[in-house]
Amino acid sequence: MKKLSYMLVGLLLICMSACTDNSYLNAIPGESTALISMDPARMSGVNNVAVLKTLLYMTNTNKSGIDVSHRIFLFESPDGNLGLCAKVKDADELDETFKGLAAKGLCPNPVKRRGFHFTVLKDTWVAGWSDQAFLVMGPVTADAQAALQQQISQYLKQDENEGIMSSRLYAKLDSIDAPMSMVAQAAALPEQFVAPFTLGAPKGADASQVLIAAEMNIKAQVMHINGETFSFNSRVNEALKAAHKIYRPIQGKYISAMPRDAMMGMFLNVDGQKFLPLMQSNKGIQALLTGINTAIDMDNIIRSINGEMAIITPTYSSDRLSMSMTAQLANTNWTKDIDYWKQSCPAGGRILDWKPNAWYYTSDKTTFFFGVSNDKQFFSGSNKEEAESSIYPIKEQLDAAIQKEVKGQKLVMIINMAAMSEGKAGAVTTMLKPVFGNINTIVYTLK
């Protein structure tokens, strides 16, 4: 009986210690809009503690004060700050680590405020830690660092009911058995990326209602994200799942036409009549087409698609169209309406003949070349060169391994990280680089 009591006490202590092992996660804001989990013990193909070595200047992670045997989390807070959370193994050791870095001029000397330790990394990232949790948040200006320190103090004081473990976002993330995984609201992504993820959401649905759950891995400077969109709202979730059934396996016809330096490309295989309602209810795609939809009946063109389709954004500008759309057509009936489009062009814009079966629309803000090839392929672009090359293999193509990955998938989005330098996209790039190294491409595939 005595032995049984000892065993029960031992089991209780093990359970208690298992529970407290995750207490550091309470420091992650419960209302976070994006969450990435990295399990260093299970990761391969990437330096699993690169984030500690690069972002935190650490050379010996074993004596850093951070427990690298536990998962490291990246998150986006409700107010849009990016953050990192890790488990503290020894707070005094961590303090000494940063004192050593301060002596080398790599960061200010740690200071103690409100019972927690703080310093600033790379002039824009505020780091704070308790006995359990280590947080890095930013990027912020020097004037905003004091306010962020106060916010980090509040996060470090949180209990389980206030932290991320009480959220549905964390529950979904915890259900994904992978060394690296992500759950994020579409609204948390840079605006350039939102549209493909919200395809299928009913009209009026907010991007915060659409979430992406995915497994992630890094290989040869490419981040591969294999995921699915879903929603905690049953109506939105049903619409997203119904949309997934419209996508057909991609043959890869247009992947060789995407320039290596283009910002983004989306690849599909669809019946245009079924796909059109998805595009019509998508705010991002409608915004992209705003400049030309008033003069060119893009709905009628999309309705005629049956087969491979690609939308490539060479560069991103909020006030000027930069898009190349290509597709295999079931028919070219819409070409009969060109004369009507010419006559009904809004003031300030004109549709002119370019060459046989090809035209261009021009206004003070937009130029768009488009046409039909002899074998019924729609081609288009913001200039002549873009449009003419949009359906043919080009010289500066994406790597062969990336092109191969597109074939057989239902929806693929390819993002060129080198083209991301401003706004939230730039901040995400800045955050990802020390974590994963020099990633030059993100490839998202729909499960």
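Only this structure's heavy atoms are used, side chains among them; waters, hydrogens and symmetry mates stay out.
Ring geometry, Y170 versus F73: the interplanar angle falls from 30° to 60°, so the pair is classed tilted. A perpendicular orientation is assigned to the rings of H70 and Y24, their planes being inclined by more than 60° (bins at 30° and 60°). Between F230 and F232, the ring-plane angle classifies as perpendicular under the 30° and 60° cut-offs. By the 30° and 60° cut-offs, the orientation of the rings of F370 relative to W359 is tilted.
Ion pair E162/K157 not flagged as a salt bridge, since none of the NZ, NE, NH1 or NH2 atoms sits closer than 4.0 Å to an Asp/Glu carboxylate oxygen. E405 has no carboxylate O lying under 4.0 Å from a charged side-chain N of K219, or vice versa, which leaves the two without a salt bridge. Between R71 and D174 there is a salt bridge, since at least one side-chain N of the basic residue sits less than 4.0 Å from a carboxylate O of the acidic one.
Side-chain atoms of D39 never come within 3.5 Å of backbone atoms of P179 as a donor-acceptor pair (strictly under, hydrogens ignored). Between the side chain of Q286 and the backbone N or O of M279 there is at least one donor-acceptor pair closer than 3.5 Å. Side-chain atoms of Q328 come within 3.5 Å of backbone N or O of E308 as a donor-acceptor pair. Panel note: side chain T367, backbone T362; no donor-acceptor pair is recorded below 3.5 Å. A donor-acceptor pair under 3.5 Å links the side-chain atoms of S231 to the main chain of Q209, judged by distance alone. The closest donor-acceptor contact from the side chain of Q145 to the backbone of D123 lies under 3.5 Å. Between the side chain of T366 and the backbone N or O of S363, no donor-acceptor pair lies under 3.5 Å. Side chain of K87 to main chain of N22: no donor-acceptor pair is present (N/O by atom type, distance under 3.5 Å, no hydrogens or angles). A distance-only check finds no donor-acceptor pair linking the side chain of D337 to the backbone of Y340 [under 3.5 Å]. At least one donor-acceptor pair under 3.5 Å links the side chain of S324 to the backbone N or O of S380.
The shortest distance between side-chain heavy atoms of V270 and Y247 falls below 4.5 Å. Between E386 and I312, every side-chain heavy-atom pair lies at or beyond the 4.5 Å cut-off. At a threshold of 4.5 Å between non-hydrogen side-chain atoms, the residues M413 and L446 do not count as touching. Taking the side chain as every heavy atom from C-beta outward, K342 and D353 approach each other to under 4.5 Å.
Applying the side-chain hydrogen bond (donor to acceptor under 3.5 Å, both in side chains) rule to D271 yields no partners; only residues at least two apart in sequence or on another chain are considered.
Among Y155, F134, F75, the single residue meeting the side-chain contact (heavy atoms from CB on, under 4.5 Å) criterion with C85 is F75.
Judged by distance alone, the side chains of D299 and Q280 do bring a donor and an acceptor atom under 3.5 Å apart. With hydrogens and angles left out, the side-chain atoms of N282 and T198 include a donor and acceptor closer than 3.5 Å.
Atom CD of Q221 sits in a crowded spot, with more than 12 heavy atoms from other residues, nucleotides or ligands closer than 6.0 Å. In N374, the CG atom is not crowded: 12 or fewer heavy atoms of neighbouring residues, nucleotides or ligands sit closer than 6.0 Å. Heavy-atom neighbours of K447 NZ from other residues, nucleotides or ligands within 6.0 Å: above the threshold of 12. Counting heavy atoms of neighbouring residues, nucleotides and ligands inside a 6.0 Å radius, atom CZ of R350 does not exceed 12 of them. Other residues, nucleotides and ligands place no more than 12 heavy atoms under 6.0 Å from the OH atom of Y392. Summarising the local packing, CD of E160 is surrounded by 12 or fewer heavy atoms from other residues, nucleotides or ligands at distances under 6.0 Å. Annotation for K384: atom NZ does not count as buried by contact number, only 12 or fewer foreign heavy atoms lying within 6.0 Å. Counting non-hydrogen atoms of neighbouring residues, nucleotides and ligands closer than 6.0 angstrom, the NZ atom of K241 exceeds 12 such neighbours.
Of all heavy-atom pairs spanning A295 and P346, the tightest one is CB-CD, 3.9 Å.
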